Amino acid sequence: VQLVESGGGLVQAGGSLRLSCAASGLTFSSYAMGWFRQAPGKEREFVAGITRYGTNIYYADSVRGRFTISRDNAKKTVYLQMSSLKPEDTGVYYCAADLWGSGKANEDYDYSGQGTQVTVSS
């Protein structure tokens, strides 16, 4: 199983980025998908999750209204559209896959990617 994130970079506060996570080696539609992030010196935290067909979506309070998670099962890809970015959004962003999962924050996700760096300057 491989999860490969892309789309990170350096952006000014108030800007936008779109992250992608391409999956291979798994039956993508059998997995709920999530995005997590880890800032320097902090624990990894849940950002957003989406169920297998996008029926249910969950967000951390800190990103609700600014970030949008979506998925394309035909392309085996999950996306995270990030807008109105803040310096506190800086971190490494990881996607994760959870077999038959709920997409919620407290699930034990089965697989995770290597991450993509997002840096928001003030």
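Everything numeric here is computed off the predicted structure, so don't read it as measured data.
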Between Ile50 and the options Thr55, Leu80, Thr68, Ile57, the side-chain contact (heavy atoms from CB on, under 4.5 Å) test singles out Ile57
Query raised in the report: Step by step, would you call Ser102 with Glu107 a side chain to side chain donor-acceptor pair (under 3.5 Å)?
Result: CA-CA 7 Å; Ser102 70; Glu107 290 276 303; 3.2 Å; yes
Any side-chain heavy atom of Val47 sitting closer than 4.5 Å to one from Tyr59?
no
Below 4.5 Å, heavy atoms only, C-beta onward: do Asn56 and Lys104 meet side chain to side chain? no
- request: Indicate, with yes or no, if Trp35 and Leu17 share a hydrophobic cluster defined by side-chain heavy-atom contacts under 4.5 Å among Ile, Leu, Val, Met, Phe, Trp and Tyr.
  value: yes
Arg44 side chain to Val92 main-chain N or O, any donor-acceptor pair under 3.5 Å? no
Looking only at heavy atoms, the pair that brings Ser16 and Ser84 closest together is OG-N, 4.4 Å
Asp98 meets the salt bridge (Lys or Arg N to Asp or Glu O under 4.0 Å) criterion, sequence neighbours left out, with none
Val118 side chain reached by Leu19 side chain, heavy atoms, under 4.5 Å:
yes
With clusters defined by side-chain heavy atoms of hydrophobic residues (ILVMFWY) lying less than 4.5 Å apart, directly or transitively, does Leu3 cluster with Phe28?
yes
- Query: Do Leu10 and Leu85 sit in the same hydrophobic cluster, where Ile, Leu, Val, Met, Phe, Trp and Tyr count as joined when their side-chain heavy atoms come under 4.5 Å apart?
  - Reply: no
Connected to Phe46, directly or through other members, by ILVMFWY side-chain contacts below 4.5 Å are Phe36, Tyr58, Tyr109
